[in-house]
Q: 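Here it is, the structure, as C-alpha cells.
As the structure lists them, so they are numbered: ligands from 1, and atoms in each ligand from 1. All heavy atoms count here, side chains included; hydrogens, waters and symmetry mates do not.
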Amino acid sequence: MKQRILVTGGAGYIGSHTVVELQNAGYEVIVIDNLSNSRADVIDGIERITHIRPAFEILDCNDRNGLVRLFEKYPGIKGIIHFAASKAVGESVHQPLQYYKNNITSLINLLELMPEYQVQAIVFSSSCTVYGQPDLLPVDENAPIKPALSPYGNTKQINEEIIRDVIYSGVPYKSIILRYFNPIGAHPSVEIGELPQGTPQNLVPFLTQTAIGIRKELSVFGNDYNTPDGSCIRDYINVVDLAKAHVIAVDRLLGGKNLSNVEVFNLGTGQGVSVLELIETFERVTGVKVPYKIVARREGDIEKVWANPAYANRVLGWKAVESLDDTLLSSWKWQLKLRERAIM
Ligand code: NAD
Ligand code: WQD
C-alpha cells in the first residue's frame, strides 16, 4: 500500500515541486495550505504533471482543531514534510509577532499531534540563513549557528531547537532538518513555479519580472563586497533537485536508515555564484537583456555563502544535478507562462 505523507504548505513554491516528486515516487500525498502565499490552482498544475490529484485541504497549521480533524479524516499518515511558514525576511522585521506566531505555533501543533496519530517522521524546511556569514567556506553542517539577522531567520533557529529538544525528550518519531541554500527555477513542464506576491524580494523573480518588463530595472545591491566582482555570492539550487532530496529524506526516515533521531543536511550545489554572474548567465541562455543598476548594499545581506553538500551527497546519496543555465532558463519559461496565463 502507498504510504501517506502530509505536506504542509504544499501549494507553495518548494512544496508543490516536492508533492510532484513524492507522487512520482509512489507516495500518497495530502496537501494542506492556508493559501496565504499561494493559489489553489497550483494543485491543478501538480495533477497535469503527475496525472494524480493529491488530496487538498485549505487549512491553517495554527488551527489545532482543524489539524485534529485532518488526522481523523486521513488516518495512517506516516510522515510530514513541514514547509508551511511565512518567509519574507523584510516583512518579518516589521511584523515579528506574526512571524513568531505563524512559524512556531504551526510546528508545535504538528509535533504535539504526531504521537497521537502515530506519525513517525517529520522533515523540516530550514535555511542556510542559520549560518549567517560563515567563518569558513564552503559551509558544512558543523559550522556554528550565528545570531539571526531577522525574526524570520530566528524562527528557523528556534524551530530547529524545538525539534532537537522534542526528539531528545524521547518522542516516538524522528526528524530530518534540511537547510536550503537559494532555491530557484521552475518545473521543466512549466506547470508549476514560484509565484511571488507583490514586489519580489528575491533576486531571480525580480530579474525575470524585469526581463519581461514588469519592473523597469533590477537593483544590484552592492558591488563593493570582498568578492571577485564585488557583488554577493550565493549557492543557487534548482527547485526540482531540492524537491528530490525531500523524497530521499522521507524514504530514509520511514525506512529506518537514519543514523540518529535528528539529522541535519545542507542542500546546495557547492558552487558560489555572484549576482553579476547570475545576470550574465541569464542573459546568455535566454538572449534577453536585463536592465540593471548598481545600488547601495541591502541591510542585513551576507557577503558570501555557499554549501559544502558533501554530507548530503554521501549520506543521502543526493546531489544537485541541474545546471545553472537550465535552471535560469526554466525560471524564464515560467515567467513567460505566467504572462500567457495572465497571472502576471
Ligand atoms: P512559499 O511561501 O511558496 O510556500 C509556503 C506555503 O505555506 C505557502 O503556500 C503558504 O500559503 C503556506 N502557509 C504559510 N503559513 C501557513 C500556515 N500557517 N498554514 C498553512 N499554510 C501556510 O515558500 P517556499 O519558498 O516554498 O518555502 C517553503 C519553506 O522553505 C518555508 O518554510 C521557507 O521558510 C523555507 N525556505 C525557503 C527558502 C526560499 O528561498 N524559498 C529558503 C530556505 C528555506
Ligand atoms: C540573493 C542575492 C542580494 C534582490 C533570502 C533569505 C534567506 C533564504 C533565501 C529563506 C543577494 C541580491 C537580491 C535584488 C539583488 N530564504 N539581490 N537585487 O538574501 O540570499 O536569502 O532568501 O530561508 O533566508 O534571506 O536571497 O534572492 O534575496 O538575494 O542584488 O533585487 O541577490 O543582495 O546577494 P538571500 P535573495
Side-chain angles (χ1 to χ4, degrees), residues 7-18 31-40 42 57-63 66-67 81-90 92 98-99 101-107 109-110 123-132 148-150 152-153 155-156 159 178-184 192-197 199-207 209-210 215 217-223 225 227 231-237 239 242-243 246 267-268 273-276 278-279 292-306:
V7 178
T8 77
Y13 175 43
I14 308 168
S16 57
H17 289 79
T18 302
V31 172
I32 60 172
D33 203 297
N34 66 1
L35 302 181
S36 58
N37 198 35
S38 52
R39 296 162 52 113
V42 167
E57 305 281 343
I58 298 176
L59 181 61
D60 195 307
C61 296
N62 293 296
D63 175 1
L67 286 175
I81 307 183
H82 183 42
F83 292 105
S86 306
K87 65 158 185 179
V89 176
S92 79
Q98 189 187 309
Y99 272 68
K101 195 167 161 191
N102 195 38
N103 293 4
I104 293 173
T105 314
S106 295
L107 177 71
N109 282 342
L110 294 168
V123 176
F124 177 69
S125 297
S126 190
S127 168
C128 68
T129 194
V130 302
Y131 299 119
L149 294 170
S150 69
Y152 165 76
T155 67
K156 291 297 169 196
N159 278 344
L178 299 175
R179 292 180 181 152
Y180 315 152
F181 282 67
N182 288 59
I184 61 165
I192 54 172
E194 191 169 5
L195 272 175
Q197 290 193 348
T199 308
Q201 307 302 308
N202 294 117
L203 176 61
V204 170
F206 201 107
L207 184 155
Q209 288 193 10
T210 307
R215 314 272 157 210
E217 70 190 345
L218 170 69
S219 295
V220 173
F221 298 136
N223 68 347
Y225 284 99
T227 60
S231 65
C232 292
I233 295 179
R234 297 288 183 274
D235 184 335
Y236 296 94
I237 163 111
V239 67
L242 188 67
H246 293 75
L267 297 181
V273 173
S274 77
V275 177
L276 293 172
L278 187 135
I279 297 171
Y292 72 87
K293 65 170 179 221
I294 309 288
V295 301
R297 292 179 176 198
R298 181 171 69 176
E299 200 188 335
D301 257 339
I302 300 298
E303 182 170 85
K304 48 192 165 197
V305 59
W306 63 95

Q: Can Ser38 and Asp33 be counted as having a side-chain donor-acceptor contact under 3.5 angstrom?
A: yes
Q: Can you sort out which atoms of ligand 1 are near Tyr13, meaning under 4.0 Å from one of its heavy atoms?
A: 1 (P), 3 (O), 4 (O), 25 (O), 26 (O)
Q: Taking Ser150 for its side chain and Val89 for its backbone only, find out whether a donor-acceptor pair lies under 3.5 Å.
A: no
Q: Give the atom numbers and elements of ligand 1 that come within less than 4.0 Å of a heavy atom of Asn62.
A: 18 (N)
Q: List the closest protein heavy-atom neighbour of atom 30 (O) of ligand 1: residue, atom name, distance to the nearest 0.1 Å.
A: Tyr180 CE1, 3.3 Å
Q: Taking 4.0 angstrom as the limit and counting only heavy atoms of Leu35, give me the atoms of ligand 1 inside it, by number and element.
A: 11 (O)
Q: Can you list the ligand 1 atoms lying under 4.0 Å from a non-hydrogen atom of Ser106?
A: 18 (N)
Q: Please identify which atoms of ligand 1 are closer than 4.0 Å to at least one heavy atom of Leu59.
A: 19 (N), 20 (C)
Q: Among all protein heavy atoms in this structure, tell me which lies nearest to atom 21 (N) of ligand 1, with the distance rounded to 0.1 Å.
A: Asn34 N, 3.1 Å
Q: If you measure every N or O of Ala11 against every N or O of ligand 1, does any of those distances drop under 3.5 Å?
A: no
Q: Taking the side chain as everything from C-beta on, heavy atoms only, tell me whether Leu203 gets closer than 4.5 Å to Leu218.
A: yes
Q: Do any N or O atoms from the side chain of Glu217 and from the backbone of Arg215 form a donor-acceptor pair under 3.5 angstrom?
A: no
Q: For Ser38, take its heavy atoms, then give the atoms of ligand 1 lying under 4.0 Å from any of them.
A: 8 (C), 9 (O), 11 (O)
Q: Please report which non-hydrogen protein atom sits nearest to atom 34 (O) of ligand 1, along with the residue it belongs to and the distance in Å to one decimal place.
A: Tyr152 OH, 2.6 Å
Q: Start with the C-alpha distance between Tyr180 and Ser125, add both sets of side-chain angles, then the distance that settles side chain to side chain donor-acceptor pair (under 3.5 Å), and finish with yes or no.
A: CA-CA 7 Å; Tyr180 315 152; Ser125 297; 2.7 Å; yes
Q: Where is the nearest protein heavy atom to atom 40 (O) of ligand 1: which residue, which atom, and how far?
A: Pro183 CD, 3.3 Å
Q: To which protein heavy atom is atom 26 (O) of ligand 1 closest, and what is the distance rounded to 0.1 Å?
A: Ile14 N, 2.8 Å
Q: Looking at atom 10 (C) of ligand 1, what's its closest protein heavy atom, distance included?
A: Asp33 OD1, 3.4 Å
Q: Of the protein's non-hydrogen atoms, which lies at the shortest distance from atom 5 (C) of ligand 1, and what is that distance?
A: Ala85 O, 4.0 Å
Q: Give the contacting part of Glu194 toward ligand 1: side chain, backbone, both or neither, where contact means a heavy-atom distance below 4.0 Å.
A: neither
Q: Return yes or no for this condition: an N or O of Cys61 is under 3.5 Å from an N or O of ligand 1.
A: yes
Q: Has Ile32 got any heavy atom lying under 4.0 angstrom from an atom of ligand 1?
A: no
Q: Please say whether Ser36 places an N or O atom under 3.5 Å from an N or O atom belonging to ligand 1.
A: yes
Q: Hey, is ligand 1 close enough to Phe83 that some N/O pair sits below 3.5 Å?
A: yes
Q: Does the side chain of His82 reach to within under 4.5 Å of the side chain of Asn159, using non-hydrogen atoms?
A: no
Q: Looking only at protein heavy atoms, identify the closest one to atom 25 (O) of ligand 1 and say how far it is in Å.
A: Lys87 NZ, 2.8 Å
Q: Any side-chain heavy atom of Thr18 within less than 4.5 Å of one from Val7?
A: no
Q: Please tabulate, line by line, the atom pairs linking an N/O of ligand 2 to a protein N/O at a distance below 3.5 Å, with the distance in Å to 0.1, or answer 'none'.
A:
{"from": "ligand 2", "atom 1": "18 (N)", "to": "Ser219", "atom 2": "O", "distance (Å)": "2.6"}
{"from": "ligand 2", "atom 1": "19 (O)", "to": "Arg298", "atom 2": "NH2", "distance (Å)": "2.9"}
{"from": "ligand 2", "atom 1": "20 (O)", "to": "Asn182", "atom 2": "ND2", "distance (Å)": "2.9"}
{"from": "ligand 2", "atom 1": "20 (O)", "to": "Arg234", "atom 2": "NE", "distance (Å)": "2.4"}
{"from": "ligand 2", "atom 1": "22 (O)", "to": "Asn202", "atom 2": "ND2", "distance (Å)": "3.2"}
{"from": "ligand 2", "atom 1": "23 (O)", "to": "Ser127", "atom 2": "OG", "distance (Å)": "2.8"}
{"from": "ligand 2", "atom 1": "23 (O)", "to": "Tyr152", "atom 2": "OH", "distance (Å)": "2.6"}
{"from": "ligand 2", "atom 1": "26 (O)", "to": "Asn182", "atom 2": "ND2", "distance (Å)": "3.1"}
{"from": "ligand 2", "atom 1": "27 (O)", "to": "Asn202", "atom 2": "ND2", "distance (Å)": "3.2"}
{"from": "ligand 2", "atom 1": "27 (O)", "to": "Leu203", "atom 2": "N", "distance (Å)": "2.8"}
{"from": "ligand 2", "atom 1": "28 (O)", "to": "Gln201", "atom 2": "O", "distance (Å)": "3.4"}
{"from": "ligand 2", "atom 1": "28 (O)", "to": "Asn202", "atom 2": "ND2", "distance (Å)": "3.2"}
{"from": "ligand 2", "atom 1": "28 (O)", "to": "Arg298", "atom 2": "NH1", "distance (Å)": "3.4"}
{"from": "ligand 2", "atom 1": "28 (O)", "to": "Arg298", "atom 2": "NH2", "distance (Å)": "2.9"}
{"from": "ligand 2", "atom 1": "29 (O)", "to": "Arg298", "atom 2": "NH2", "distance (Å)": "3.4"}
{"from": "ligand 2", "atom 1": "30 (O)", "to": "Ser219", "atom 2": "O", "distance (Å)": "3.3"}
{"from": "ligand 2", "atom 1": "30 (O)", "to": "Phe221", "atom 2": "N", "distance (Å)": "3.0"}
{"from": "ligand 2", "atom 1": "33 (O)", "to": "Asp301", "atom 2": "OD2", "distance (Å)": "2.5"}

Q: Closest approach of Pro200 and Phe206, non-hydrogen atoms and distance?
A: O-CD1, 3.3 Å
Q: Which ligand 1 atoms are under 4.0 Å away from a heavy-atom of Ser125?
A: 29 (C), 30 (O), 32 (O), 35 (C)
Q: May I ask you to check whether Asp235 and Asn182 show a side-chain donor-acceptor distance below 3.5 Å?
A: no
Q: Mark up the atoms of ligand 1 that fall under 4.0 Å of a heavy atom belonging to Ser126, in ascending order.
A: 43 (C), 44 (C)
Q: Less than 4.0 Å is my threshold; does some heavy atom of Lys156 fall inside it relative to ligand 1?
A: yes
